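Worksheet: the structure to be examined is printed underneath.
Note that this is a predicted model, so its numbers are computed, not measured. Order of the sequence lines fixes the chain letters, A, B, ..., with proteins taken first and strands second; residue numbering starts at 1 for each chain.
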Amino acid sequence: MTILPGSVGTLSASDDIEHAIAPEPGRTALLKDMLFGQASTIFAFSVVVIFLLVAILAPWLAPYDPLAQSVLSINKQPSWAHWLGTDQFGRDVLSRMIHGSRNSLLFGLISPALAAFFGTILGVTAGYFGGVVDRVISRVVDLLLAFPELLLAIMIAAVLGGAFWNIIAVITVAFIPGFARVARASTLAVKQEPYIEAAVAVGLRTPTIIIRHVIPNISAPILVLMTLWVASAIRLEASLSFLGIGTRAPNPSWGNIIRDGLNNLFGSPWPIIAAGFAITCVVLSFNLMGDAVRDVLDPETTR
Amino acid sequence: MTIAPSLSRQQPVSSTHPGPLLKVEDLSIEFGPEGTAVRVVEGVSFSIDAGAAVGIVGESGSGKSMTSLAVMGLIPSPPGRIATGRILFEGVDLLGLPRSRMPEIRGRDIAMIFQEPMSSLNPVMTIGDQIGEAIKLHEKMGREERRQRIIELLKLVGIPDPERRLGAYPHQFSGGMRQRVMIAMAVACNPKLLIADEPTTALDVTIQAQVLELMHKIRRTLNTTILLISHDLGVIADICERVIVMYAGKVVEDADVKTIFRSPKHPYTRGLLQSIPRLKDENTRLYQIPGMVPLPGTIKQGCPFFPRCPDRIDKCARETPPLLEITSQQKAACWVSAGATS
Amino acid sequence: MNIAVTGDDLVVVRDVGKTFSEAGGLVFGRSQPSVRAVDGASFEVKRGETLALVGESGCGKSTLGRLLLRLIDASEGEIAIDGVDILRLSSNDMRQMRARVQMIFQDPYGSLSPRRSVAKIIAEPLEIFGLVQTRKQRRDRVAELMIQVGLSPTFMDRYPRQFSGGQRQRIGIARAIAVDPQFIVADEPVSALDVSVQAQIVNLMQDLQKSRGFSYLFIAHDLSVVRHIADRVAVMYLGRIVEIGPKKRIYDFPSHPYTQALLSAVPEPDPETRKSRIILKGDVPSPANVPTGCSFHTRCPIVQPVCRTERPPLVETASRHLAACHFAKPHPIPL
């Protein structure tokens, strides 16, 4: 089959070319407005940025070795030498918090991202192709959803053990069903849009249609879910560490700082206070960021 | 045709009020926060005599629907706001009435039919109950009497077997039937003014013909005053005696229907009439008005139609023409038609 | 292939039908009644011609348009476009075929992907079929196309939401003509637009056809618009073509009572000619439950007993003018 090259006539179909369209809202200005228009959003972004910097710069920021024990300074109150005091082994709580942020934030960022990736693939496949594919994927997802996340994580961790990547895998698997559900529902809605039919009529291949026209239009709910689950992942890691199957002692994570702190509550309350406060801050910030991301990504609000 | 007595009690053609039934004066409607508000309707004035059928025609963004919603007191507020003007119904300014009085007038004195017959009916209530609700609100009537009234109404709007259909739900009706139910609800309390906002736009052409026929019948039997909002000049020509043409939030022409179709005086009306495809002629290239409707709030000075007008003169760019009397039957907001030269 | 292709027939459709049936689920499915959306459609579209497909909502006109582009697969029948039997093409070959057949959609708001710029939307078909290689070529070609449909190329990096309904429809048209197709299915392209914008788009579509020579299947419910753009008209009712013929014949001498009613129902924008309308009784029956015999018999003003039992075939009442009615007779209606 030969394809006629587009013959370009000199004809301009209508002599009046329209020169007026709705004013451009200014995408960057709009973005700025959405992200920084509200005090809560500025707060959330600042907190996240500060915690990320702390995690990256941990070895340079931490005043002491987080693992160094000292019999001479056990259960110290906060002082100029130890800002957050020390724990029952005489380790500096601030240094443990700073190093622990690396583990917690890594779990918090990597697991939801991986879960979003795999969940989206599953959900879009189920939603776009429908039929048997949909039914099989949906049943498996339903099955996984029937287990509470924590229970699922404990089960897998008990089998695989608590190595770093195992914990990541555990949290990821626990989160996949949620993403798959949202992706599937959004795909079903987007698939009904006339522009999908238009893409087929134009001659696009199915994978291209999915990548170019389906995924960008379901990205908003997925990204919002991701920010929400960053918070959940940090919490889940903390829960696993608290139960003793997460980050292994003596390595610090916010979760096992709390666990150790609980055993020593009457010795010094400061490890629990510090870690609890940090988790609360990060979780709250990511939730607020989720709201902001949703507003920015909704094409209707950028009108 | 036999109409039961309860329906045929006619409105006195001239009520106690001597003037027009509805008089809108200098109505302006704004949207958006104060200061940066955009005017979607500006300085609209017209009046409707009792018993008349008047059409407002215009394209999307002309402000025709907003005008009718303002009469009903249904402007969504916020963000909408009536900035200036008065809406006199039988001599009483509706805008001056306390909010609590409006529901009393809505439904009893002024009723409305909407474009979308599906979403305007409650899906979980039988149509008998929905019509009965309107009657219950405004009239004291026994249960059985009300039932009879509902059956008469359904008969009037041409729903076959009304005794049985009374208990049916909206989803059991087709689009045309639902529009009939909407009309029955609207005329349930024999309103003085019936506002129909694009009543046939969502319907197929053979069903549209049925509904137009029904509107004629309603007028004949109940002597209701009708304000019809439509973009379809065919529908307007069919129902109305007088036409108000709106463009970019303003009234640009107001005349009786024959005059406006025979000798339109505003260049926009002329362009609109020329650009409609007609069943009678073929192959003639359609006339097209160049350019596009200005976005609300972008015209700061002069005639809103100036950028697209074939007859414009310098004065049009500077001064906004008011609605000028061309003949006693016809008003147009155009300097050129009113006799201005350069 | 037993389709006789004469020289000037671009599209040949023979006995095409489509039954939608909802299959039961794996475990908890329930079967739905099947819907006969299109039934035994046969017609041709000539090169450079506009065939209008008219009918009321639910008559199957949009489905038939999509069958011709294989956006929906036909249940039976044959469709040949330029001699190629498209129902037998593999999905890969069908995709290649899409360089020759394009579509213009009804909904100017929904048919453009909201997250892609105008340039990307228009360039998509050009890239698929390798008509542009470099970025500059692509932008030049998009600019040309935008000018041809009456849009300023300065807006090519903007997003669809900033454009009005008419402008979006122009973008959709630019996308459809980008690969220089031979056949365009236009599904109610102007019904969502305002009157004055409608005139602009109809004129644009006619101008493009004149300069490029492609054929249109113009799907519409508005008979006034069709009169301006069509060469021939096919009228559909409940999935079947009930009348087809040259435009002049259909409008001046409609032979099927449904066509007559349809034409007489159009409100004429002229207050001085109140025409007498044929008001049809009742509503269109559900396509899931098509009446026996002639499917129009439940609403027909001239119905006879035979109509309830025997389905009338589509027969010629005059040269190239066919109607499916036992009592078809050319009947000039007072317009």
Side-chain angles (χ1 to χ4, degrees), chain B residues 57-62 160 173-177 200 202-210 212-213 230-241 243 256-262 268 271-293 295 308, chain C residues 54-59 164-167 190 192-204 206-207 221-231 247-248 251-252 258 261-275 277-286 299 333 335:
Chain B
V57 71
E59 299 180 277
S60 33
S62 64
F173 282 62
S174 65
M177 284 297 183
T200 61
L203 305 176
D204 275 318
V205 62
T206 60
I207 308 298
Q208 167 171 285
Q210 295 171 349
L212 291 180
E213 209 57 28
S230 183
H231 71 282
D232 186 335
L233 285 154
V235 171
I236 296 269
D238 191 275
I239 301 266
C240 303
E241 293 141 9
V243 185
D256 75 287
V257 71
K258 286 189 181 161
T259 314
I260 224 162
F261 278 88
R262 198 186 302 137
Y268 173 67
L272 199 60
L273 279 166
Q274 277 174 280
S275 64
I276 349 170
R278 284 162 200 265
L279 217 45
K280 281 181 203 164
D281 48 26
E282 56 178 320
N283 281 342
T284 50
R285 190 182 160 83
L286 288 171
Y287 173 81
Q288 59 183 71
I289 306 176
M292 55 189 286
V293 179
L295 297 165
R308 310 173 73 187
Chain C
V54 302
E56 297 179 280
S57 44
C59 73
S164 68
Q167 289 169 332
V190 298
L193 306 174
D194 272 321
V195 182
S196 68
V197 182
Q198 192 171 303
Q200 294 173 348
I201 299 296
V202 166
N203 286 343
L204 172 65
Q206 282 183 311
D207 291 342
H221 69 274
D222 185 336
L223 289 149
S224 318
V225 172
V226 164
R227 175 126 223 200
H228 278 266
I229 200 165
D231 298 306
K247 171 174 65 178
K248 205 158 171 45
Y251 280 81
D252 294 346
Y258 178 63
L262 214 52
L263 282 168
S264 86
V266 177
E268 190 66 5
D270 183 355
E272 304 193 32
T273 57
R274 281 267 152 77
K275 59 188 185 187
R277 292 212 183 97
I278 305 169
I279 305 277
L280 292 178
K281 296 170 293 195
D283 291 304
V284 184
S286 157
R299 302 173 79 199
I333 53 165
L335 288 177

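Between the side chains of Glu59(B) and Ser196(C), at least one donor N or O lies within less than 3.5 Å of an accepting N or O.
When heavy atoms are compared at a cutoff of 4.5 Å, Leu212(B) approaches chain C solely by way of its side chain, counted from C-beta outward. Of the atoms belonging to Val202(C), it is side-chain heavy atoms, and not backbone ones, that fall under 4.5 Å from chain B. For Ile279(C), the part sitting under 4.5 Å from any heavy atom of chain B is the side chain, from C-beta outward, and nothing else. Residue Gln208(B) touches chain C through its side chain alone, counting heavy-atom pairs closer than 4.5 Å.
Checked by atom type and distance alone, the side chain of Glu56(C) pairs as donor or acceptor with a backbone atom of Thr206(B) at under 3.5 Å. A donor-acceptor pair under 3.5 Å links the side-chain atoms of Lys247(C) to the main chain of Ala230(C), judged by distance alone. A side-chain donor-acceptor contact under 3.5 Å links Gln210(B) to the backbone of Leu280(C). The backbone N or O of Ser60(B) lies less than 3.5 Å from a partner atom in the side chain of Asp194(C), making a donor-acceptor pair.
Ranked by heavy-atom pairs under 4.5 Å with chain C, the first of Gly61(B), Ala209(B), Gly271(B) is Ala209(B). Interface summary for chain C: among Ile260(B), Val235(B), Val205(B), the most heavy-atom pairs under 4.5 angstrom belong to Val205(B).
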